[in-house]
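What follows is a set of notes on a single structure, which appears directly below.
Here, residue 1 is the first one in the sequence, and each next residue gets the next number. Values reported hereafter were calculated over all heavy atoms of this structure, with side chains retained and with hydrogens, waters and symmetry mates removed.
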Amino acid sequence: MKVFRLFLLSLCVVLLPVTASAQEDWADEVVVRGRAAVGPALWRVSDDDSQVIIIGVLPVFPKKQVWKTTRIENALRGANGLITPPDNSTGPGDVWSLMRNKGLPDGGRLKDALTADLYARYEATARRAGVSTRDFAKDKPVWAGARLRREVLQKYGLSENEPLTTIRRLARTAGVSARAAGRYDSGPLFKAVNAMSEEASEACLRYTLDDIDFDMDRAPRAAQAWSVGDIPTLRSLYQGSVLMKCLSGSPTATATLNRSITDSVSAVSDALNKPGKTVAVLPLGQLLRKGGVLEKLRARGYRVSAPEN
């Protein structure tokens with residue numbers, strides 16, 4: 001049961017990022033020029049005597065990536081609080097639903113359920129990553145892809161929790177309390193996944209294989225660009241969560257996308273009601289995309305300053 005719960009929690013992180021497609025539709029006005037910075041890029045949202053310093057983070061990040069924390073430590077010093085990305089919750093029912101519904105009907109095998117070309121690509125991606133697919137042989141395509149991706153991230157040392165875990169630790173050291181911008185029940189998303197048609201499940205597997213290939217090829221370069229505040233390079237390398245594309249036609253997924261942006265904007269806006277500074281960590285795609293957090297904050301009349309090197 002513990003193994004399945006860990007898998008479920010991992011999958012929540014995959015399904016809940018608020019980027020709806022593989023390629024982001026970036027806001028035009030967010031441009032950063034100059035020399036490479038000495039640390040991650042910081043955006044500042046201000047209103048009279050208050051400000052929120054925002055750090056944008058990637059969907060996955062190499063555990064061994066070296067980056068200077070000085071800017072973050074300075075931002076946290078004396079801060080009112082730390083806003084973290086929206087969180088999710090799972091219950092025993094979610095675990096049971098996954099265990100009961102992740103397999104193919106009648107004990108079928110993935111090899112027989114997929115087209116020859118898709119199964120060949122699935123096997124090729126797994127071989128390239130050095131990951132065995134034996135344990136996923138009877139899973140539905142969407143779950144087989146998600147479990148393969150989880151194994152690849154572990155093998156390649158890519159984390160869905162960094163650099164947020166490090167930033168949380170820095171906040172604790174600085175005596176700054178953290179709170180999530182929102183909290184969601186992941187159950188409805190899992191129900192939407194399990195309700196997918198065979199065609200949608202296969203399409204989701206294709207998206208997931210794209211995601212895995214991207215993570216293996218470009219995630220380290222994206223993290224290096226992030227570590228020095230190189231936003232133009234980040235934008236060229238950025239890959240949003242393609243698994244949200246699996247549910248692009250789902251009212252549940254659309255509602256989650258809209259709510260996560262709205263809650264993040266509200267969390268920043270509420271922090272600006274208190275004099276002083278607050279630090280926020282938000283997904284980079286959510287921050288910079290058209291109709292994203294920065295655009296909505298500007299629309300509310302707040303001053304938004306792009307990073308300075």
Side-chain angles (χ1 to χ4, degrees), residues 18 24 26-58 67-87 162-183 225-232 234-235 238 259-309:
V18 296
E24 284 295 341
W26 300 112
D28 294 333
E29 73 273 15
V30 182
V31 178
V32 180
R33 299 183 177 89
R35 296 174 300 171
V38 294
L42 304 177
W43 285 263
R44 297 177 187 272
V45 183
S46 56
D47 181 35
D48 297 329
D49 59 350
S50 60
Q51 68 170 326
V52 175
I53 302 170
I54 302 178
I55 309 152
V57 292
L58 295 163
W67 59 282
K68 294 182 179 180
T69 62
T70 305
R71 278 187 166 184
I72 311 299
E73 293 175 78
N74 291 339
L76 287 167
R77 189 173 297 116
N80 294 327
L82 173 68
I83 300 170
T84 59
D87 201 357
E162 286 291 349
L164 179 58
T165 297
T166 296
I167 296 171
R168 286 180 186 273
R169 176 177 54 78
L170 294 174
R172 287 195 298 271
T173 300
V176 176
S177 60
R179 61 182 176 85
R183 188 168 182 82
W226 178 90
S227 71
V228 295
D230 184 353
I231 303 302
L234 264 180
R235 289 169 65 168
Y238 188 84
R259 180 184 168 188
S260 58
I261 292 178
T262 299
D263 285 353
S264 296
V265 171
S266 296
V268 172
S269 182
D270 290 345
L272 289 169
N273 290 327
K274 184 176 182 179
K277 65 179 177 179
T278 300
V279 179
V281 182
L282 298 173
L284 192 64
Q286 175 184 352
L287 196 63
L288 299 183
R289 69 193 304 263
K290 288 184 178 179
V293 172
L294 292 184
E295 280 200 348
K296 290 185 178 297
L297 287 169
R298 287 191 179 96
R300 291 193 179 193
Y302 297 119
R303 297 186 298 274
V304 179
S305 301
E308 297 179 359
N309 294 332

Handout entry: Closest contact, heavy atoms only, Gly81 versus Thr278
Key = O-CG2, 3.2 Å
Problem - Residue pair Gln286, Ser260: steps toward the side chain to side chain donor-acceptor pair (under 3.5 Å) verdict - result: CA-CA 9 Å; Gln286 175 184 352; Ser260 58; 5.0 Å; no
Practice task
Of all the heavy-atom pairs spanning Ile231 and Ala41, show the shortest one and how long it is.
Solution key: CD1-CB, 3.6 Å
Handout entry: Heavy-atom side-chain contact between Ser50 and Lys274 under 4.5 Å
Key = no
Handout entry: Side-chain touch Leu282/Thr84, heavy atoms, less than 4.5 angstrom
Key = no
Handout entry: Heavy-atom side-chain contact between Leu284 and Val57 under 4.5 Å
Key = no
Exercise for the section: For Leu287 and Gly56, work out which heavy atoms get closest and say how close. Expected result: CD2-CA, 4.0 Å
Problem - Nearest-0.5 Å distance, OG of residue Ser305 to CG of residue Leu42 - result: 11.5 Å
Practice task
First locate atom CZ of Arg303, then atom CZ of Arg44, and finally report the distance between them rounded to the nearest 0.5 Å.
Solution key: 13.0 Å
Handout entry: Separation of Leu234 CG from Leu288 CG (nearest 0.5 Å)
Key = 9.0 Å
Handout entry: Given Ile54, Ile53, Ile83, Leu82, the one that forms side-chain contact (heavy atoms from CB on, under 4.5 Å) with Val281
Key = Leu82
Problem - Gap between atom CG of Asp48 and atom CG of Leu272 - 0.5 Å precision - result: 9.5 Å
Practice task
Check whether any side-chain heavy atom of Leu297 lies under 4.5 Å from a side-chain heavy atom of Trp43, and answer yes or no.
Solution key: no
Problem - Atom pair CG (Asp49) and CD (Gln51), whose distance is rounded to the nearest 0.5 Å - result: 10.5 Å
Exercise for the section: With the side chain counted from C-beta on, respond yes when Ser227 and Pro40 share a heavy-atom pair under 4.5 Å apart, and no when they do not. Expected result: no
Fill in the blank from the handout: When every non-hydrogen atom of Arg259 is compared with those of Arg183, the smallest separation belongs to NH2-O, 3.1 Å
Exercise for the section: Please name the pair of heavy atoms, one in Ile261 and one in Gly292, separated by the smallest distance, quoted to 0.1 Å. Expected result: CG2-C, 4.3 Å
Problem - Distance (rounded to the nearest 0.5 Å) between Lys296 NZ and Ser266 OG - result: 10.5 Å
Exercise for the section: Report yes or no: do Asn74 and Arg71 form a side-chain donor-acceptor pair below 3.5 Å? Expected result: no
Handout entry: Close side-chain approach of Val265 and Tyr302, heavy atoms under 4.5 Å
Key = no
Throw together a table of side-chain donor-acceptor distances under 3.5 angstrom for residues 163-181, partners on residues two or more places apart or in other chains.
from, atom 1, to, atom 2, distance (Å)
Thr165, OG1, Asn161, O, 3.2
Thr166, OG1, Glu162, OE1, 2.8
Thr166, OG1, Glu162, OE2, 3.3
Thr173, OG1, Arg169, O, 3.1

